[in-house]
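Sequence lines set the chain letters: A, B, ... in the order given, protein chains first and strands last, and positions in each chain run from 1. Any value given below was found using the heavy atoms of this structure, including those in side chains, with hydrogens, waters and symmetry copies removed.
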There are 2 protein chains.
Amino acid sequence: MTSPRPQTGRRAALARYLPILDWSRDYGRATLTNDLVAAVIVTIMLIPQSLAYALLAGLPAEMGLYASVLPLVAYAVFGTSRTLAVGPVAVVSLMTAAAVGNLALQGTAEYAVAAITLAFLSGGILLVMGLFRLGALANFLSHPVIAGFITASGLLIATSQLKHIFGVPAQGHTLPELLGSLIGNLGQTNLITLAIGAATIGFLFWVRRGLKPLLRSLGLPPRLADLLAKAGPVLAVALSTLTVWALDLQERGVRIVGEVPTGLPPLTLPSFSADLWGQLFLSALLISVIGFVESVSVAQTLAAKRRQRIAPDQELIGLGASNIAAAVSGGYPVTGGFARSVVNFDAGAETPAAGAFTALGIAAAALFLTPLLYFLPQAVLAATIIVAVLGLVDLAILRHSWTYSRMDFAAVAATILLTLGAGVEIGVSAGVGLSVLLFLMKTARPHVAEVGLVPGTQHFRNIKRHNVLTTPALVTIRIDESLYFANAHFLQDLIYDRVVCDQPIRHVVLMCSAVNEIDLSALESLEAINTRLTELGITLHLSEVKGPVMDRLKRSHFLDDLSGQVFLAQYDAHVALTGSAETGAPPARQEY
Amino acid sequence: MTSPRPQTGRRAALARYLPILDWSRDYGRATLTNDLVAAVIVTIMLIPQSLAYALLAGLPAEMGLYASVLPLVAYAVFGTSRTLAVGPVAVVSLMTAAAVGNLALQGTAEYAVAAITLAFLSGGILLVMGLFRLGALANFLSHPVIAGFITASGLLIATSQLKHIFGVPAQGHTLPELLGSLIGNLGQTNLITLAIGAATIGFLFWVRRGLKPLLRSLGLPPRLADLLAKAGPVLAVALSTLTVWALDLQERGVRIVGEVPTGLPPLTLPSFSADLWGQLFLSALLISVIGFVESVSVAQTLAAKRRQRIAPDQELIGLGASNIAAAVSGGYPVTGGFARSVVNFDAGAETPAAGAFTALGIAAAALFLTPLLYFLPQAVLAATIIVAVLGLVDLAILRHSWTYSRMDFAAVAATILLTLGAGVEIGVSAGVGLSVLLFLMKTARPHVAEVGLVPGTQHFRNIKRHNVLTTPALVTIRIDESLYFANAHFLQDLIYDRVVCDQPIRHVVLMCSAVNEIDLSALESLEAINTRLTELGITLHLSEVKGPVMDRLKRSHFLDDLSGQVFLAQYDAHVALTGSAETGAPPARQEY
């Protein structure tokens, strides 16, 4: 278990915001070696991914490389995860395309500036959330909704890449648009492109399934076999580039990456137009929150394996700094990626320095390697994206949530359908909104049980589930929910309906063992119930009221006005009221 | 208690949507007389109110009369309250002005068409909500937020009318705008207008406080004295109109109502422009919901006094039909009004027919009375509005909510401040949003107690509040909240923090007596906790899991994977685990 050593106040405060101060003190040769090895492997993996995701976002390929340099250094300084690998990722690239695609034409300077501004805004939002320690807000996204969103995004991304596999034009931000546009143009399919694309997809799937066992059967140690298998995409890139170059396939309609400018990331500035900020703000907020949730869950999973911890509020600052860094160095929104972080972890990265070394690797690639990518077919990049994102697709969440809870299922299904049918922004917003609404609706009609005494005990149970003792003059209602504005009226109706036609009732006890809160709306309803029951000659009592709830009730007039008593235990209420109940009910009907 | 007689299926279904079929069968001469008397009194009250509220909404005065004819007939057919009086009301008129004022200039034909369209959209929304039986959605507005919104609206309306009292131009939708604009123009005050306005306000306040005691001391029966006092505004209208006419005050700068067209409500159609619908939709939704909530709470209060009931879902249909009726007859959005319904009730109205008779009265006024209103000073209408809405202002809600709960206070204060400072639509939206957010935030960090056994009992209580028995190897945590996505992570962190540095722990029991729901996100967290604790050599148990929660857990793999057991009662867990606990903890530290 890594535990920080005791620190003096000022340095501790500084180290909270600069985690690098913590781990850099113990940095030695062995750690350096491990970090360097991991960095080399992640760099090799990240080069084709960075290019591919930039194209997915509708941006020039080199912006993907730029987004993989300075942001990684920023995260190494401010991030708390030892192994998270930051950079362009599939879902955020798709969200960038959706956000910026509404405002500017792909390929124009405005489009690139809007993407840079989006990174800047997203970084700003993350930093502000971090400084206000709002990491907990991410909890308002339910797990199934996130799973549904990622699955639908994966399907959307894979579909969006099919145009490169077939070598036809197609566009759209929703599944029907993409498919319609693709199918309409299938007549123009370039067969050589299709052959290259299909072969690459097949190869990459084989690499994922078959290469590792093959390498192991050749006698390689398991970890090395695993890492070499992860380098499969690089092999595909190299082979296909050579093939296109050797056969001049670009002359036969195979679209290639073409000239990627050589050089270090340029210094760039976001737009400071208030109009553009207004148009991008909601998208930036969604990208920030989704990126943060994804990144933190990867970081937490990996940290738990080594019994380390991450600090979610500081992660906001780390990712915020990364996105600001992306905005000033020609990049676009970035976050922590799942696959690359796992590779980084498996390759033995020990500190965020591995990320900084990866940044050096990518910078070197941007400086020297881009001419080699001239003949790389776009279909191969599309194939690497398709194979990567299909790994995100998990339709089992539908079955899983259906079995467990219809409410969770409704939220997941709506998220998936709306993401596919109306785009990523509407999809994830609706998913979040629906989760909250369903939770409120569930608590608005809470489970309520009329309870009776289990014979021979002091326990009270649901009269519908158990064989319990009751008496006609006394009704005990257990409410299995906090009382607040959304269910205040429900409670009123329930009690009126219960007592209105049942003549012998003299006492109503509300058993509050599961009531964790009574807000002002519910208090008003309780007052109304008390008044109404008094008019009907019925006394209202409470039992098993929790300490914090009782503290608050004491600050209102309710307890003074209450016609009955507040009993500490339901059994006390039973003892006190079944004695007094005889005044109201005919003794012959007593059931005890 | 009015209870519907048994009906055959088809007629019952019809009567559900047409409550008029229910009450019209018993309609006799005595009921007719009572309804007619009430109608006459409400008509007299409604004439100046209708004119005044139309001017408040920025519309020609006659549209207020039109909105008080056909909508009342529609409600009489479809509504379920026997005594609710429908028509233009202050808050909805203000919201209409805010919604339409953004789109068109006051006094133009576009402005009137937009108001008519707003009524049509609002009617459509209410009908759809009624057909889908969504009346319960209104419960998501917390009582204090509504009280705060009505109070702030009352202050805004009163301020907006001051310009008529001073006879100066002023405009704006927020308190600072209104006050700034008013104060800037005070130099142009028309002193005669101010004298008329101030005198009317003084007179109306005296009528409310002093007229009824005076009439009673003159020997009038209390009910008659009460009703005559309610007719005070009509007296003010008549006296001031005569004065202006006699002294030709309109020549000296006193603004008068002027020519109000004579005739029955015209047939009108809303605009069907998709653009306009898009611009008005959110406003229409807010007006529908606020109007519905206000109307239903009035209707319920009055129904309860006579032990009648109203059907909220059918009320949606009744109010929806009223607004559609307003849209096709030159009106604007309407709803049930508080003051006029109380007058209707006190005057003895027995059935919705009283509303239909009131409609006849207003139609007669529109046909014959409007020429008499030519010299009516606008300052007098403003004065009636000011006196009426100041009755809505209840700043005590701030103190009341502050004492009871800071969360309710925050929602009320934000609603009031934003309504005054940023307008009605932002104010009420923020109030609703904040109530929901605060509830979620409260449940996201629930009250959690570590509990121990109260000596000599089977009860478990908070170790911080009570003197209880504990043992180092066993930690029992009682969670006072349902487990769902917003607090799933909180629980994980809480348990990890508790167990991570406390070596002797061998068992963790989660006591679930207050857990009413475990959603899929929380289930995943429980699985993660179980896995993590198992790695640490700690067994996880549950106790007192409720029936519905247990039913659902049985449909997942969780119970198979759980390292420990599920105990029916916490005491069972205690008995079972304090025996087995000795294997882990040093016996010397046993505290029993």
Side-chain angles (χ1 to χ4, degrees), chain A residues 1 136 138-145 304 309 312 400-401 403-405 407-408 412 435-437 439-447 449 458-459 462 465 480-482 484-490 496 500 513-517 519-521 523-525 528 532 546-548 552 555-556 569, chain B residues 1 136-145 304 309 400-401 403-405 407-409 412 435-436 439-447 449 458-459 462 465 480-482 484-490 496 500 513-517 519-521 523-525 528 532 546-548 552 555-556 569:
Chain A
M1 196 84 203
N139 296 336
F140 288 170
L141 297 181
S142 89
H143 301 194
V145 162
R309 299 200 65 168
H400 187 192
S401 57
T403 319
Y404 185 70
S405 142
M407 255 170 52
D408 281 314
V412 175
S435 311
V436 170
L437 192 66
F439 174 72
L440 290 181
M441 284 176 69
K442 164 93 186 160
T443 57
R445 303 190 71 79
H447 182 250
Q458 302 187 3
H459 288 293
N462 194 337
R465 289 190 178 227
D480 288 351
E481 192 61 70
S482 291
Y484 77 113
F485 59 87
N487 58 26
H489 225 280
F490 170 82
Y496 296 165
V500 95
S513 46
V515 174
N516 305 309
E517 158 89 3
D519 81 350
L520 196 51
S521 301
L523 181 70
E524 286 174 16
S525 283
R532 181 79 179 271
K546 285 171 197 265
R552 183 163 290 167
R555 278 189 261 144
S556 75
Chain B
M1 196 86 201
L137 278 186
N139 297 336
F140 288 171
L141 297 182
S142 88
H143 301 195
V145 162
R309 298 200 65 166
H400 187 193
S401 58
T403 318
Y404 184 69
S405 142
M407 256 169 52
D408 281 313
F409 174 79
V412 175
S435 310
V436 170
F439 175 71
L440 290 180
M441 284 176 66
K442 164 93 186 161
T443 57
R445 303 189 71 79
H447 182 249
Q458 301 186 4
H459 288 292
N462 193 337
R465 289 192 178 224
D480 288 351
E481 192 60 69
S482 290
Y484 78 112
F485 58 86
N487 58 27
H489 225 278
F490 170 82
Y496 295 166
V500 95
S513 46
V515 174
N516 306 309
E517 158 89 4
D519 82 349
L520 196 51
S521 301
L523 181 71
E524 286 174 16
S525 281
R532 180 78 179 272
K546 285 170 198 265
R552 183 163 288 166
R555 279 188 260 144
S556 75

Student: Tell me whether the rings of A:Phe439 and B:Phe485 are parallel (<30°), tilted (30 to 60°) or perpendicular (>60°).
Tutor: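 Because their plane-to-plane angle is over 60°, the rings of A:Phe439 and B:Phe485 count as perpendicular.
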Student: For residues A:Arg555 and B:Thr403, report the shortest heavy-atom separation together with the two atoms involved.
Tutor: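 Scanning both residues, the minimum pair turns out to be NH1-O, 2.9 Å.
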Student: Given that the side chain runs from C-beta out, which part of A:Asp408 has a heavy atom under 4.5 Å from chain B: side chain, backbone, both or neither?
Tutor: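 Contact with chain B involves the side chain of A:Asp408 alone.
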Student: Using a 4.5 angstrom heavy-atom cutoff, name the option from B:Lys546, B:Met441, B:His400 with the most pairs to chain A.
Tutor: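 Maximum pair count with chain A is reached by B:Lys546.
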Student: Flag the pair B:Glu517 / A:Thr443 as yes when at least one side-chain heavy-atom distance between them is below 4.5 Å, and no otherwise.
Tutor: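 Contact flag for B:Glu517/A:Thr443 side chains = no.
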Student: Considering only heavy atoms, which portion of B:Glu481 lies under 4.5 Å from any heavy atom of chain A: side chain, backbone, both, or neither?
Tutor: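 Both the backbone and the side chain of B:Glu481 come within 4.5 Å of chain A.
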Student: Has A:Asn516 got a side-chain atom pairing as donor or acceptor with B:Asp480's backbone, closer than 3.5 angstrom?
Tutor: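 Yes.
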Student: Under 4.5 Å from any heavy atom of chain B, what part of A:Tyr404 do you find: side chain, backbone, both or neither?
Tutor: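 Answer is both: backbone and side chain atoms of A:Tyr404 are under 4.5 Å from chain B.
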Student: If you take all heavy atoms of B:Arg465 and A:Gly547, which pair is closest and at what distance?
Tutor: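 Closest heavy-atom pair between B:Arg465 and A:Gly547: NH1-CA, 3.8 Å.
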Student: Pick from A:Ala528, A:Ser405, A:Ser513, A:Ser556: which one has the most heavy-atom pairs with chain B under 4.5 Å?
Tutor: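 Answer, by heavy-atom pair count under 4.5 Å with chain B: A:Ser405.
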Student: Which one of A:Ser401, A:Ser435, A:Ser525, A:Ala449 has the most heavy-atom pairs closer than 4.5 Å to chain B?
Tutor: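 Highest number of pairs under 4.5 Å: A:Ser435.
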Student: Quick one: of A:Pro446, A:Ala514, A:Pro312, A:Ala569, who has the most non-hydrogen atom pairs under 4.5 Å with chain B?
Tutor: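 Top option by heavy-atom pairs under 4.5 Å: A:Ala514.
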Student: With only heavy atoms counted, which part of A:Val436 is less than 4.5 Å from chain B, the side chain, the backbone, both or neither?
Tutor: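 Answer is both: backbone and side chain atoms of A:Val436 are under 4.5 Å from chain B.
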Student: Apply side-chain contact (heavy atoms from CB on, under 4.5 Å) to B:Asp519 and A:Met407, showing your working.
Tutor: CA-CA 9 Å; B:Asp519 82 349; A:Met407 255 170 52; over 6 Å; no
Student: In terms of heavy-atom contacts, does CZ of A:Arg445 have more than 12 from other residues, nucleotides or ligands at under 6.0 Å?
Tutor: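 No.
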Student: Under 4.5 Å heavy-atom distance to chain A, tell me which part of B:Leu523 shows up: side chain, backbone, both or neither.
Tutor: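 Contact with chain A involves the side chain of B:Leu523 alone.
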